[in-house]
Amino acid sequence: MRDLLKECLSEENGLVELRYHHKENRSFFAEKGRIESSALRKRSGVGIRVLHNGTWGFASTGEVSKASIQNAIRIAKQAATVSSSLRGEKISNLPPALFAKGDFIGKGIEDFRNRSVEEKLNLVLDVQNKALKSSTSLQSVGCGYSEIYEEKAIVTTDGADSFFSMVRPEFRVNAVASDNGKLESGSHSIGVTGGWDCLFRDKKPEDISEEACRTAIDLLTSTLPDGGLATVILSPSIVGLLVHEAIGHTVEADFVLAGSVAQGKIGTRVGSDLVSLADSGVSEYFEGAGGTIPVDDEGVIPQKTMIIQDGILKSYLHNRETAHKFNVKPTGSARAWEYSDVPLIRMRNTYLLPGSSSLEEMIAGTKNGYFLDGAKNGQADATGEFMFAVQKAFKIENGKITKLLKGVTVSGLAFDVLQNVDMVSKEFKWDLGSGHCGKGQPAKVDAGGPYVRTKVQLGGN
């Protein structure tokens, strides 16, 4: 494929970027003892981007042939010519980049190909059936498995020349428990970059199911918390949601240029000395983080980017265009969901770096507070203000975890929460690898970190 793309570029002048992308999505979902849904989707094509007359032109084709690709290059140039007159600030140049060259074959692909459809169907059926029979309190249990296999080849006139492949499986269980008309739900999901050995490395499918079911049942007898400003210990899943939604998006350079809260804050304090935050295309600490990429969609090798170092904001996330505007190096953060999508600045694996405390020390040192675990959903805006729902909250009294609480939400300003961090654990976990991040188009990401003690506004009574 790289040879075909290079042949299409052999007579081109100026910057032309060709990105071949083949993607296969497969999913199964079981409920009520049967397969409720099954889907398979395949797409292949080439996205073409040109820098012409000081602006970008984009086109794509689902026909992977020399004639079709060269025709799409002409269409992209025409689009750039038309839009150039409407662009106020022309793109004069792009900075040098560390381009990927060669083939990058992901782990787990052979395992993925050797597992039959029947094995995947039986996985969700067996787990769902066993879970529903485990307790009379369970009203329903759903079990889903999905996978994305993709291949990309990226060739540009200024040096990128790479091919890579990878597979990303996910597994999830949702449970609903009931008692005298009262309903509570529990869920647990995992997602990785790699094969089943990586997906089920820490927990077997039955363990994931048991956790989701136990959460739903236990919440039936839980109570609501007291609202107000509270000392909390955040689990890696909540830390991951916080650093992704409330901080990560605000440091994507296109959002920064649009006026996010991080604008103009490079070199200023945004967190306590214990806070160091990074985003990386590599799976740091443990293999398999869900946002891992060997090459970004501009052909750049993804860099580990220190966003915050010891509480000081150090960097934004960049593509080549914004890197030129800020006079810095590209961070390898340009990503496109499918061949027909334009690359956008996106996070990859976003995380707080671990500290030196243990979780046991953090709990024991908290006289009155809460332990929060299980990110459900949430929202944040360009100001860094956020509100998240938490699946499970436990009261901490005199250094011990006591009762389970439900209906908990947390809110605040992200940088204020980071300023209040006074303990960070040495334990680390990736915990946001399932599902997608949305920003005009989906993206597979991951996020996580250590356990963190700070203060947030807690929603409750």
Could you tell me whether R43 and E24 make a salt bridge, using a distance below 4.0 angstrom between a side-chain N and a carboxylate O?
-> no
Does a side-chain heavy-atom distance below 4.5 Å link K376 with F388?
-> no
According to the interplanar angle, ranging from 0 to 90°, do the rings of F28 and Y145 count as parallel (below 30°), tilted (30 to 60°) or perpendicular (above 60°)?
-> parallel
Quick one: are F99 and D161 in side-chain contact, heavy atoms under 4.5 Å?
-> no
Taking everything shown except K6 itself, do over 12 heavy atoms lie less than 6.0 Å from its NZ?
-> yes
Tell me, yes or no, whether the heavy-atom count around E110 atom CD, taken from other residues, nucleotides or ligands under 6.0 Å, exceeds 12.
-> no
Apply side chain to side chain donor-acceptor pair (under 3.5 Å) to S434 and S189, showing your working.
-> CA-CA 6 Å; S434 61; S189 61; 2.7 Å; yes
So, Y351 versus W430, ring centres under 6.0 angstrom or not?
-> yes
Roughly how far apart are E211 CD and S187 OG, rounded to 0.5 Å?
-> 9.5 Å
For this output row, return yes or no: ring centroids of Y20 and F163 closer than 6.0 angstrom.
-> no
Kindly determine whether Y339 and V46 satisfy side-chain contact (heavy atoms from CB on, under 4.5 Å), including the steps that lead there.
-> CA-CA 5 Å; Y339 74 86; V46 179; 5.7 Å; no
Parallel, tilted or perpendicular for F255 and H249, by the 30°/60° rule?
-> tilted
Interatomic distance, F428 atom CZ to L352 atom CG [nearest 0.5 angstrom] = 8.5 Å
Above 12 or not: heavy atoms from other molecules or residues under 6.0 Å from CD of E338?
-> yes
Indicate whether any N or O donor in one side chain lies under 3.5 Å from an N or O acceptor in the other, for T61 and S68.
-> yes
Has the side chain of N420 got a donor or acceptor atom that lies under 3.5 Å from a matching backbone atom of V417?
-> no
Is any NZ, NE, NH1 or NH2 atom of the basic residue among R19 and E298 found under 4.0 Å from an Asp or Glu carboxylate oxygen of the other?
-> no
In sequence, state the C-alpha distance, the side-chain angles, and the governing distance for F104 and S162, and then conclude on side-chain contact (heavy atoms from CB on, under 4.5 Å).
-> CA-CA 8 Å; F104 303 83; S162 65; 4.0 Å; yes
Salt-bridge contact R320-D158 (side-chain N to carboxylate O under 4.0 Å) | yes
N/O donor-acceptor pair under 3.5 Å between Q441 side chain and W337 backbone | yes
Taking R168 for the side chain and G433 for the main chain, is one N or O donor matched with an acceptor at less than 3.5 Å?
-> no
Verdict with supporting geometry, E63 and S65, side chain to side chain donor-acceptor pair (under 3.5 Å) = CA-CA 6 Å; E63 181 183 334; S65 68; 3.0 Å; yes
Indicate yes or no: at least one non-hydrogen side-chain atom of E427 is less than 4.5 angstrom from one of K429.
-> no
Should D296 and R346 count as an ion pair when the cut-off is N to O under 4.0 Å?
-> no
Do T215 and D218 get their side chains close enough for a donor-acceptor pair, meaning under 3.5 Å?
-> no
Neighbour count >12 (heavy atoms, 6.0 Å) for atom NZ, K329 = no
Polar side-chain atom of S222 near backbone of L405 as donor-acceptor pair, under 3.5 Å = no
Could you check V452 against I233 for side-chain contact (heavy atoms from CB on, under 4.5 Å), going step by step and ending with a plain yes or no?
-> CA-CA 5 Å; V452 171; I233 297 174; over 6 Å; no
Quick check: does any side chain N or O of S283 sit under 3.5 Å from a backbone N or O of G288, one acting as donor and the other as acceptor?
-> yes
Between K439 and D254, is there a salt bridge with N-O shorter than 4.0 Å?
-> yes
Do R172 and H188 have side chains that get closer than 4.5 Å, going by heavy atoms?
-> no
How long is the gap from CD1 on I238 to NZ on K392, to the nearest 0.5 Å?
-> 10.5 Å
Is the backbone of V421 close enough, under 3.5 Å, to the side chain of S272 for a donor and an acceptor to pair up by distance?
-> yes
Do you know which of R348, K152, R335 makes salt bridge (Lys or Arg N to Asp or Glu O under 4.0 Å) with D297?
-> K152
State whether a side-chain donor-acceptor pair under 3.5 Å links E284 with S280.
-> yes
For G435, does its backbone N or O pair with a side-chain atom of K444 as donor and acceptor, under 3.5 Å?
-> yes
So, is the end of the R26 side chain (NZ or CZ) under 6.0 Å from the ring centre of Y149 and within 45° of the ring's axis?
-> no
Check whether any side-chain N or O of D179 sits under 3.5 Å from a backbone N or O of K182 as a donor-acceptor pair, and report yes or no.
-> no
Salt bridge between D197 and R201, side-chain N to carboxylate O under 4.0 Å?
-> no
Could you walk me through whether E397 and T402 pass the side chain to side chain donor-acceptor pair (under 3.5 Å) check?
-> CA-CA 7 Å; E397 298 173 296; T402 56; 2.9 Å; yes
Sidechain N-carboxylate O distance under 4.0 Å for K23, E151 | no
Kindly compute the distance separating CZ (R214) from OG (S137), expressed to the nearest 0.5 Å.
-> 14.0 Å
